*Asks:* 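Have a look at this one before I ask anything.
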Amino acid sequence: MAVTTFAAIDVGSYDLQLAIYQISPKNGIQCLNHVRKTVGAGTDTYAEGKISYPLIDAMCGILLDFTEIMNEYQVKDYRAYATSALREAENSQLVLDQIKVRTGIPVKILSNSEQRFLCYKAIAIKENEFQKIIKKGTAIVDVGSGSTQLSLFDKDALVTTQYLQLGAVRIREILGHLDHDDYDTRTLIQELVDNDIDTFRKMFLKDREIKNIIATGICALYLNRVSGQEQPADKITAQEFMDFYARIERMDYEQIALDMDIPIEHAYLMKPSAMVYRKMIEVTGAELLWIPGVNLCDGIVAEYGEQKRLVRFTHDFTEDILVAARNISKRYMGNKKHNQSLEKLVLNIFDSMKKYHGLGKRERLLLQLSAILHDCGKYISMREPAESSYHIVMATEIIGISHSEREIVAYIVKYNTGRYEYEKIMNEVRNQETSIMIAKLVAIMRVGNAMDRSHKQKFDNVKIVLKDQKLVITTDTAEDISLEQGLFEKKADFFEEVYGIRPVLKRRKGV
C-alpha cells in the first residue's frame, strides 16, 4: 500500500506552523507531528504596514528548523503558504525572497478566498459530522489573526461567505494606539465587533435560521475546554459558551492563561476572538458550537490529497463556488433564466472546442462563473453594464478562486461586449499564456451571449459539431431568431480571429 509523507507549512500572521502527515488510500490523512512557533508578523504588518528585518530573521530561523524536521520524517513533498500578514505587507516580495534564499522554501501567498477555502476543506475532512451539521442552518465562524470569515449554509448549500477585518491580532493593534483602561478595552473591542457583525446580519441573515456554528481559527482549538468536562468536548452548547465568556470577560490575560491552561501569548488573543463568537451567537440565535479542531495545515494537506487523488470527498466543493457566484448574481438582480441558458450554451461550446483551445477543468469553471456574473453590472449602470460588472467582480471575493482567477473572470465579463484590447490586457496580466486564455474564453462567451440576446431562451435544444473549419451550431427552435442571427455574425468574427474556426448558426431542416 502506497503511503505518502507530506508536510504543510503555514506562515501565519501570529505564528508559524509545520504539520507532518501520512496519506494513504486505506487510512486517509493522519497527522504524525505538529509544531507551532510564535513570531507575530501580523503585529508589524497591521501596525506599520511592513515586516521588520528582525522578524524576517526569526521567521527564516524557524523555517530552517522546519526543514530539519521534514528531513527527519523523510518528507516526499510539501507546500508552504502565507496568509494576511504577508498578503498585506508592503515588503512581501522581499520577505518571500529572503525566505527562499536562506531556507530554500518557496512560499506562496494565499488570497483570502483561497485561505478560507482551505480551512473549509479542513473541516470537510471530518465528512460524516460536517455533512450532518450543515443539514441545518449553519455558520462557519473562522476567526483568524487578521480577519474573520463568516460563511452561511442553508440545507447543506453554501449561501454566502463574507470577509470582515476583525482578526484577534488586528483588533489588539488597533486598540494598542489608544489610551484606555481594561474596562475601556472591553467596550472598544465590543464596539468594533458589534458594528461589523450587525452590518452582516442586516445584509445576509434576515429571516435565515441558524442552528449551528462551526468555530475555527487561532483560538478555536481552546474552546473545547469550555464545557468544564474532564475530556475536551468537540461540541458545546451556546449557553456553555456564554457562561465561559462571562467568566473570562473581566479576567486579565494572566488569569485567562492560568484558567484555561494556555500560553500567555494566546491568552492575549482569546478575549477578542471570544467576542466575535459571542456576537455571532447573539445575532443568529445558534444553539450549538462544533469545534472540529482543524487549522490551515489540515486544509493544505486535504487539498494536496484531493489533487493527487489520494483521498476523496463526497462533498462537491466546485458546486459551492458556483452557488456562491449565483448568490452574488442574485444580490445584483442578475437575470436568472438568461444566465442559466448562457451557462449551458458556453459550456457546450467549450466542450466542443477542447481540441482547439487546450484548456482544462479550471478554465471551464472560470467561464461558467463569467456566465453567471456577466450581467450583474446592470444593477449599477444600464449604460455601461460590462464595465460595472468588471468592477463588481474585482471587488467581490468568491470563495475557492484566487485573486488572479477572479481577475480573469472580471476581464471576461468586461470584454463580453466592446472592442477587445489585446495589448492592454497583456500589459495588465503580465503573462502571455493568461492573456491568450482570456481571449479564448471571451470568444466563447460572446458567441454564447449572442445566442440569447433577446433573453427569451430560444436555443434550449442545440447541437454543436466541428466540420470543415466551422463550428456548426444547429437548433430546432420554431421561434423567430432574426435578432440572434444578426448579432451572431458580429460575434463570430472575433471567435474566428481567435480560433481560426467560423461559428455558423443554423436552424434544423423541416423546422
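Values in this document were obtained by computation on a predicted structure and should not be read as measured data. Just the heavy atoms: all of them, side chains too, but no hydrogens, waters or symmetry mates, feed the values below.
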*Asks:* Evaluate the side-chain contact (heavy atoms from CB on, under 4.5 Å) criterion for residues I218 and S273: first the C-alpha distance (whole Å), next the side-chain angles of each, then the deciding distance (0.1 Å), finally the verdict.
*Replies:* CA-CA 8 Å; I218 193 166; S273 295; 4.0 Å; yes

*Asks:* Looking only at heavy atoms, what is the nearest atom pair of S151 and T161, with distance?
*Replies:* OG-OG1, 2.8 Å

*Asks:* Do T5 and Q74 have side chains that get closer than 4.5 Å, going by heavy atoms?
*Replies:*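 Sidechains of Q74 and T5: no contact.
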
*Asks:* Looking at K235 and E129, is there a salt bridge between them, counting it only when a charged N and a carboxylate O are closer than 4.0 Å?
*Replies:*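 K235 and E129: salt-bridged.
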
*Asks:* Check whether any side-chain heavy atom of V11 lies under 4.5 Å from a side-chain heavy atom of T83, and answer yes or no.
*Replies:*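 Side chain of V11 against side chain of T83, heavy atoms only: no contact under 4.5 Å found.
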
*Asks:* Any chance the side chains of N327 and T160 put a donor and an acceptor closer than 3.5 Å?
*Replies:* no

*Asks:* Could you grab the distance from atom SG of C119 to atom CD1 of I214, nearest 0.5 Å is fine?
*Replies:*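 Result: 12.0 Å between the selected atoms.
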
*Asks:* Salt-bridge test for K271 and E249: reply yes if a basic N is under 4.0 Å from a carboxylate O, no otherwise.
*Replies:*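 Salt bridge: no.
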
*Asks:* Any side-chain donor-acceptor pair under 3.5 Å between Y46 and S13?
*Replies:*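 Y46 vs S13: donor-acceptor pair found between side chains.
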
*Asks:* More than 12 foreign heavy atoms under 6.0 Å from CZ of F204: is that the case here?
*Replies:*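 Count over threshold, so yes.
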
*Asks:* Using distance alone, with no hydrogens and no angle criterion, decide if D77 and Y304 have a side-chain donor and acceptor under 3.5 Å apart.
*Replies:* yes

*Asks:* When you compare the side chain of M260 with that of M270, does any pair of heavy atoms fall below 4.5 Å?
*Replies:*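 Yes. Closest side-chain heavy atoms under 4.5 Å.
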
*Asks:* What are the two closest heavy atoms between V301 and D298, and how far apart are they?
*Replies:*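 Smallest heavy-atom distance, with atoms named: CG1-O, 3.1 Å.
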
*Asks:* Keeping the roles fixed (side chain from N212, backbone from T138), state whether a donor-acceptor pair exists under 3.5 Å.
*Replies:*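 No, the answer is negative, given that no donor and acceptor are paired below the 3.5 Å cut-off.
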
*Asks:* Any side-chain donor paired with an acceptor under 3.5 Å for E127 and T314?
*Replies:*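 The criterion, which ignores hydrogens and geometry beyond distance, is satisfied for T314 and E127.
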
*Asks:* Examine distances only and state if a side-chain atom of T45 and a backbone atom of A85 form a donor-acceptor pair shorter than 3.5 Å.
*Replies:*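 Present.
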
*Asks:* Heavy atoms, side chains only, cut-off 4.5 Å: are K414 and M394 in contact?
*Replies:* no

*Asks:* ring-ring contact (aromatic ring centres under 6.0 Å, His included) for F317 and H315? Distances and angles first, verdict last.
*Replies:* CA-CA 6 Å; F317 295 104; H315 189 79; 5.3 Å; yes

*Asks:* With a 4.5 Å heavy-atom cut-off, do K135 and F153 have their side chains touching?
*Replies:*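 No, too far: nothing below the 4.5 Å cut-off.
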
*Asks:* Less than 3.5 Å apart, any donor N or O on the side chain of Q239 or D243 sitting next to an acceptor on the other?
*Replies:*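 Short answer, yes.
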
*Asks:* For R87 and Q115, which I'm curious about, is there any donor-acceptor pair between the side chains at under 3.5 Å?
*Replies:*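 Yes, a side-chain donor-acceptor pair sits under 3.5 Å.
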
*Asks:* Please check: side-chain N/O of T199 versus main-chain N/O of N195, any donor-acceptor pairing under 3.5 Å?
*Replies:* yes

*Asks:* R116 and S147: side-chain donor and acceptor closer than 3.5 Å?
*Replies:* yes

*Asks:* Would you find more than 12 non-hydrogen atoms of other residues, nucleotides or ligands less than 6.0 Å from Q307 atom CD?
*Replies:* yes

*Asks:* Could you state the interatomic distance from CE (M59) to CD1 (I62), rounded to the nearest 0.5 Å?
*Replies:*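 Result: 8.5 Å between the selected atoms.
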
*Asks:* If we ignore hydrogens and angles and just use 3.5 Å, is the side chain of N71 paired with the main-chain N or O of T67 as donor and acceptor?
*Replies:*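 Here the side-chain-to-backbone pair exists.
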
*Asks:* Using a 6.0 Å distance limit plus a 45 degree cone around the ring axis, check whether K76 lies over the aromatic ring of F6.
*Replies:* no

*Asks:* Mind running side-chain contact (heavy atoms from CB on, under 4.5 Å) on T216 and N295 for me, showing each step along the way?
*Replies:* CA-CA 7 Å; T216 60; N295 53 49; over 6 Å; no

*Asks:* Between R247 and D259, is there a side-chain N and carboxylate O pair less than 4.0 Å apart?
*Replies:*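 Looking at R247 and D259, the cut-off is met.
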
*Asks:* Is it true that Y390 and H374 share a donor-acceptor pair across their side chains at a distance under 3.5 Å?
*Replies:* no

*Asks:* Looking only at non-hydrogen atoms, find the nearest pair between S145 and Y14 and report the distance.
*Replies:* OG-CB, 3.4 Å

*Asks:* Verify whether one side chain among E407 and S404 offers a donor that lies under 3.5 Å from an acceptor in the other.
*Replies:*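 Their side chains do not contain a donor-acceptor pair, so the 3.5 Å distance test is not met.
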
*Asks:* Assess whether a salt bridge exists between E114 and K108, defined as any Lys/Arg side-chain N lying under 4.0 Å from an Asp/Glu carboxylate O.
*Replies:*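 A salt bridge links E114 with K108.
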
*Asks:* Mind checking the CD1-CG spacing from I291 to L221? Nearest 0.5 Å is all I need.
*Replies:* 9.5 Å

*Asks:* Would you mind reporting whether Q131 and I134 have side-chain heavy atoms less than 4.5 Å apart?
*Replies:*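 Result yes, sub-4.5 Å side-chain heavy-atom pair found.
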
*Asks:* Thinking salt bridges, do R201 and D198 make one under a 4.0 Å N-O criterion?
*Replies:* yes

*Asks:* What's the spacing between I328 CD1 and I398 CD1 if we round to 0.5 Å?
*Replies:* 4.5 Å

*Asks:* With a 3.5 Å cut-off and no angle check, do the side chains of Y120 and D142 form a donor-acceptor pair?
*Replies:*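 No - no donor-acceptor pair under 3.5 Å links their side chains.
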
*Asks:* Just one of E282, K202, M280 clears the side-chain contact (heavy atoms from CB on, under 4.5 Å) bar with I197, so which one?
*Replies:* M280

*Asks:* Do side-chain atoms of R406 reach the backbone of T396 as a donor and acceptor pair under 3.5 angstrom?
*Replies:* yes

*Asks:* Less than 4.0 angstrom from a charged side-chain N to a carboxylate O is my criterion; do R326 and E319 meet it?
*Replies:*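 E319 and R326: salt-bridged.
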
*Asks:* With distance as the sole criterion, is a donor-acceptor pair present between the side chains of S389 and Y332 under 3.5 Å?
*Replies:*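 Absent: no donor and acceptor within the cut-off.
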
*Asks:* Would you compute the distance between atom CZ of F66 and atom CD1 of I20 and round it to the nearest 0.5 angstrom?
*Replies:*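 If we round to the nearest 0.5 Å, F66:CZ and I20:CD1 are 9.0 Å apart.
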
*Asks:* Locate the shortest heavy-atom distance separating A215 from Y277; write the atom from each residue and the value.
*Replies:* CB-CE2, 3.7 Å

*Asks:* Is there a side-chain contact between R102 and L64, using heavy atoms and a 4.5 Å cut-off?
*Replies:*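 They are not in side-chain contact.
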
*Asks:* Determine whether D194 and R278 satisfy the following criterion, salt bridge (charged side-chain N to carboxylate O under 4.0 Å, His left out), listing intermediate values before the conclusion.
*Replies:* CA-CA 10 Å; D194 287 2; R278 174 200 63 83; 3.3 Å; yes

*Asks:* Do NZ/NE/NH1/NH2 and the carboxylate oxygens of K211 and E209 come within less than 4.0 Å?
*Replies:* yes

*Asks:* Which residue in the set K121, R79, K308 passes salt bridge (Lys or Arg N to Asp or Glu O under 4.0 Å) when paired with E303?
*Replies:*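 Result for salt bridge (Lys or Arg N to Asp or Glu O under 4.0 Å) with E303: R79.
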
*Asks:* With the side chain counted from C-beta on, respond yes when H391 and E387 share a heavy-atom pair under 4.5 Å apart, and no when they do not.
*Replies:* yes

*Asks:* Going by atom types alone, do N112 and E397 pair a side-chain donor with an acceptor below 3.5 Å?
*Replies:*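 The criterion, which ignores hydrogens and geometry beyond distance, is satisfied for E397 and N112.
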
*Asks:* How long is the span from the CD1 atom in I51 to the CG atom in D57, to the nearest 0.5 Å?
*Replies:* 13.0 Å

*Asks:* Kindly indicate, with the supporting measurements, whether the criterion side-chain contact (heavy atoms from CB on, under 4.5 Å) is fulfilled by Y73 and I69.
*Replies:* CA-CA 6 Å; Y73 279 91; I69 296 172; 4.0 Å; yes

*Asks:* List the atom of I256, the atom of A267, and the distance in Å for their closest heavy-atom pair.
*Replies:*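 That closest heavy-atom pairing would be CG2-CB, 4.1 Å.
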
*Asks:* Under 3.5 Å, is there a donor-acceptor pair linking the side chains of D15 and T38?
*Replies:*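 No, T38 and D15 have no side-chain donor paired with an acceptor closer than 3.5 Å.
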
*Asks:* Does Q98 reach the main-chain N or O of V95 with its side chain, forming a donor-acceptor pair under 3.5 Å?
*Replies:*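 Such a contact is absent between Q98 side chain and V95 backbone.
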
*Asks:* Looking at R208 and D154, does any basic side-chain N land under 4.0 Å from a carboxylate oxygen?
*Replies:* yes

*Asks:* Report the C-alpha separation of L158 and I399 in whole Å, then their side-chain angles, then the decisive distance to 0.1 Å, and conclude whether the side-chain contact (heavy atoms from CB on, under 4.5 Å) test is met.
*Replies:* CA-CA 10 Å; L158 182 65; I399 192 168; 3.6 Å; yes

*Asks:* Minimum heavy-atom separation for S370 and V413, please, with both atom names.
*Replies:* O-CG1, 3.6 Å

*Asks:* Hey, is the main chain of L166 close enough, under 3.5 Å, to the side chain of T148 for a donor-acceptor pair?
*Replies:* yes

